[in-house]
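What you see below is based on every heavy atom in this structure, not just the backbone, and it leaves out hydrogens, waters and symmetry mates. Numbers for residues simply follow the sequence, beginning at 1. Fair warning: this is a prediction, and the values are worked out from it, not measured in the lab.
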Amino acid sequence: SDDAIVCSSPLLSSWRAGGESVAAVSLEVSLNSQAYTSTGNASGLAYDYFAPCVVSSVSPSLGPRDGGTSVTISGVGLNGTGSDVLCRFGDQTTAAAFSSSAGGMVCSAASASSAFGASDGGGVGVASLEVSLNGQQFGPSSVSYGYYPGLRVSSVTPAAGPEGGGTMVQVRGRGLSGGVGSGPHYVCRFGSVLSAAALGTDASGDGYLTCTTPAQNASSLALEVTLNGQDYTSDGVPFRWMPPISLSGPAPSSSAPATP
């Protein structure tokens, strides 16, 4: 089997003039501090120095405590030469990759239980999110990623409206206020049609979402909601569209006024 030698890379500026922060250099080894390998008898390994990654934002900035949310991290230096690109949510790392189409580094959120470890407070809280291009050195900057508890929809009021849409509905359930403070993106979804939503609070302090129904000919579709624009509930609470109401009845009688 192949042998291995472990060493630490030196600071680039400590031996290379010019103030460079990015460079590809050859890596050779010696067993006696005199005779080094060379491209003639070795594979000519290259070692890349990259500039420190600076993260500035993450979208979405929150997700359910079970993890799995696909997030895009924006910043500087994220597309540098990397050998083991990772995101780290609190204590837990997940695989990552730079996406030019997404404009940043993309990875899946770790679960809250793995991010918080022994300090897990029921899967709710904010974790530090950092990135690494070599699977070893993270930071020096970070952003916050929030976790919210299980989200459920239990009712919608009113539960029906006209086919033309425009009905303002109030959605009740569990965990609807879980995104407060972490940059939530509230959306209602009627079948596959999206409608922007807003968070409200009643006199008891319970949160609810309001949104407007779209125009729809279907008789009934499931209404689901999300706090981050990506992870929707799956409770199947229905909303029904009704055809226009037309009133009909006997025509008013007409008669000549009585002659005095």
Sorted by chain and number, sequence neighbours left out, side-chain contact (heavy atoms from CB on, under 4.5 Å) with Tyr186 holds for Val180, Pro184, Ala197, Leu199, Leu209, Leu227
Sorted by chain and number, sequence neighbours left out, side-chain contact (heavy atoms from CB on, under 4.5 Å) with Arg174 holds for Arg152
Restricting to non-hydrogen atoms, name the atom on [X] and the atom on [Y] that form the minimum distance, rounded to 0.1 Å.
X	Y	answer
Cys188	Val171	SG-CG2, 4.3 Å
Val71	Pro60	CG1-O, 3.8 Å
Cys211	Ser195	CB-OG, 3.9 Å
Tyr147	Ala127	CE1-CB, 4.0 Å
Leu86	Ala95	CD2-CA, 4.0 Å
Tyr145	Ala109	OH-CB, 3.6 Å

Going from [atom1] on [X] to [atom2] on [Y], what distance comes out if it is rounded to the nearest 0.5 angstrom?
X	Y	atom1	atom2	answer
Ser220	Met242	OG	CE	10.5 Å
Glu163	Ser219	CD	OG	9.5 Å
Ser155	Tyr208	OG	OH	12.5 Å
Ile73	Ser59	CD1	OG	11.0 Å
Gln216	Phe239	CD	CZ	10.5 Å
Leu151	Thr226	CG	OG1	7.5 Å

Of Val225, Val169, Thr213, the one forming a side chain to side chain contact (heavy atoms under 4.5 Å, CB included) with Val156 is Val169
Any donor-acceptor pair under 3.5 Å linking the side chain of [X] with the backbone of [Y]?
X	Y	value
Asn228	Leu62	yes
Trp241	Pro214	yes
Ser61	Ser182	yes
Gln170	Pro158	no
Thr94	Ser108	yes
Asp235	Val237	no
Ser99	Met105	no

* **Side-chain donor-acceptor pair present, Glu130, Ser142, cut-off under 3.5 Å** => no
Do Asp206 and Arg172 make a side-chain contact, defined as non-hydrogen atoms from C-beta onward lying under 4.5 Å apart? yes
**Asked** Side chains of Leu129 and Val55: does their closest heavy-atom pair fall under 4.5 Å?
**Response** no
Cys53 meets the disulfide bond (SG atoms under 2.5 Å apart) criterion, sequence neighbours left out, with none
Sequence neighbours excluded, the answer for side-chain hydrogen bond (donor to acceptor under 3.5 Å, both in side chains) partners of Gln230 is none
Taken in chain and number order and not counting sequence neighbours, the residues that satisfy side-chain hydrogen bond (donor to acceptor under 3.5 Å, both in side chains) with Ser114 are Ser111
Side-chain donor-acceptor pairs of residues 131-139 under 3.5 Å, sequence neighbours excluded:
unit_1	atom_1	unit_2	atom_2	d
Ser132	OG	Asn134	N	3.2
Ser132	OG	Asn134	OD1	3.0
Ser132	OG	Gly135	N	2.9
Ser132	OG	Gln136	N	3.3
Ser132	OG	Gln137	O	3.0
Asn134	OD1	Gln136	N	3.0
Asn134	OD1	Gln137	N	2.9
Asn134	ND2	Gln137	OE1	2.8

Check whether NZ of the Lys or CZ of the Arg Arg189 lies under 6.0 Å from the centre of the six-membered ring of Tyr232 and within 45 degrees of that ring's axis. yes
